[in-house]
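The block underneath contains the structure these notes are about, expressed in structure tokens.
Each residue takes its place number in the sequence, starting with 1. In what follows, every heavy atom counts, from backbone to side chain, and hydrogens, waters and symmetry copies are set aside. The shown structure was predicted, so the numbers you read here are calculated from the model rather than taken from an experiment.
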Amino acid sequence: MAKVVFDHVYKKFPGGVVAVKDANLEIKDKEFIVFVGPSGCGKTTSLRMVAGLEEISEGNIYIGDTLVNNVAPKDRDISMVFQNYALYPHMDVYNNMAFGLKLRKFPKTEIDRRVKEAATILGIENLLDRRPKALSGGQRQRVALGRAIVREPKVFLMDEPLSNLDAKLRVQTRAEIIRIHNRLQTTFIYVTHDQTEAMTMGDRIVVMKDGVIQQVGTPLDIYDNPNNVFVAGFIGTPPMNFIDGVVKEDGGKLVVDCKTFKVKIPDGRFKHIKEYVNKPVIFGIRPESILEREVTPEAAADEVIAAMVDVYELIGAQVYLHMSIGDASFVATVDSHTSAKDGTKHEIVFNNEKIHFFDKETEKAIN
């Protein structure tokens with residue numbers, strides 16, 4: 001049993017800084033969960049409290065059914081992979097991976113079996129006699145993963161393990177870590193500031209800001225149903241567009257009036273939106289939910305909006321169109337074969353089945 005439970009956990013540093021505030025979370029056995037958020041949000045501190053590298057100020061943390069608040073890190077049956085790899089430069093790969101097992105006085109045959117099995121999983125069998133300085137960044141990261149794997153722990157803890165790798169290698173290693181999790185079937189807790197890593201790797205995501213857990217859910221649930229403006233803007237590339245508007249009645253229907261354009265609000269989709277009639281709201285729409293008129297010919301004439309293309313940004317199969325209508329600016333993600341050009345007007349349609357609304361004062365989602 002390797003579930004991990006945060007029960008009203010706080011971490012307070014000297015000087016009154018509260019790094020983690022009232023964290024309540026149950027991480028399931030064999031789950032891959034990702035803590036994500038900007039620098040200073042408390043995600044690494046949360047991980048270090050699980051590892052025993054930071055003391056808990058208030059509350060309790062359980063690994064399995066064991067309360068670990070006062071259990072030494074070496075007795076928690078966890079393995080941690082650090083951002084900087086933390087390999088011993090004077091040891092070869094084999095001994096770097098075997099070192100922790102030797103300290104625990106495992107038999108030589110068992111050490112050899114575990115090291116070679118981990119090396120096979122990671123594809124580094126031919127590197128076992130090399131020292132870290134003779135390895136690339138990606139190879140060093142595999143060795144660090146191997147050192148964690150040989151422990152066969154209840155829980156793997158990973159603190160931004162891919163941040164030192166180049167973009168291509170990050171994608172490759174990301175897939176390797178997912179495969180390792182699928183093969184080992186052990187609980188993984190992974191910390192990153194990269195929302196793409198969070199979306200692609202996690203069974204569930206924990207979004208944090210200022211020490212507070214903002215939302216916990218599957219990647220798709222958080223993407224489709226963000227709790228607040230912060231989560232909506234943090235998850236997604238490019239981020240969700242936010243435009244100030246006012247909810248109004250127009251011909252018996254509700255619309256959001258953004259001064260220079262209006263968007264119809266679908267009947268029945270927003271349970272409490274009628275309470276906001278004639279009140280300011282934050283209108284949110286993701287770039288991929290802004291459609292080109294040329295690919296939605298069935299759009300009614302009153303739904304089509306002409307927006308100025310300020311910047312055309314080609315990224316391969318897609319184009320980011322940075323657009324504006326009066327004072328309102330936003331980004332649309334369209335196919336690279338678009339007819340849109342810099343400095344011209346382009347007809348678009350907001351997919352009103354994919355729009356979001358947030359309370360102007362609280363910034364919480366209006367559901």
Going by an N to O cut-off under 4.0 Å, is there a salt bridge joining [X] and [Y]?
X	Y	result
D327	K259	no
R113	E110	yes
K253	D267	yes
D244	K360	yes
E197	R174	no

Q) Q141 and T173: side-chain donor and acceptor closer than 3.5 Å? A) no
Please work out which of the three classes, parallel, tilted or perpendicular, describes the rings of [Y] and [X], given edges at 30° and 60°.
X	Y	result
F188	F156	tilted
F270	F357	perpendicular
H181	F32	perpendicular

Q. Between CD1 of I355 and CD of E353, what distance do you get to the nearest 0.5 Å?
A. 8.0 Å
**Q.** Separation of R269 CZ from L254 CG (nearest 0.5 Å)
**A.** 13.5 Å
Q | Test side-chain hydrogen bond (donor to acceptor under 3.5 Å, both in side chains) applied to Q214 and N227, step by step | A | CA-CA 7 Å; Q214 302 290 311; N227 276 353; over 6 Å; no
Q | With F330, the ring-ring contact (aromatic ring centres under 6.0 Å, His included) member among Y320, F242, F350 | A | F350
Q: List the steps and the verdict of side chain to side chain contact (heavy atoms under 4.5 Å, CB included) for D92 and L128.
A: CA-CA 7 Å; D92 61 20; L128 292 175; over 6 Å; no
Q: May I ask you to decide if L165's main-chain N or O and R170's side chain share a donor-acceptor pair within less than 3.5 Å?
A: yes
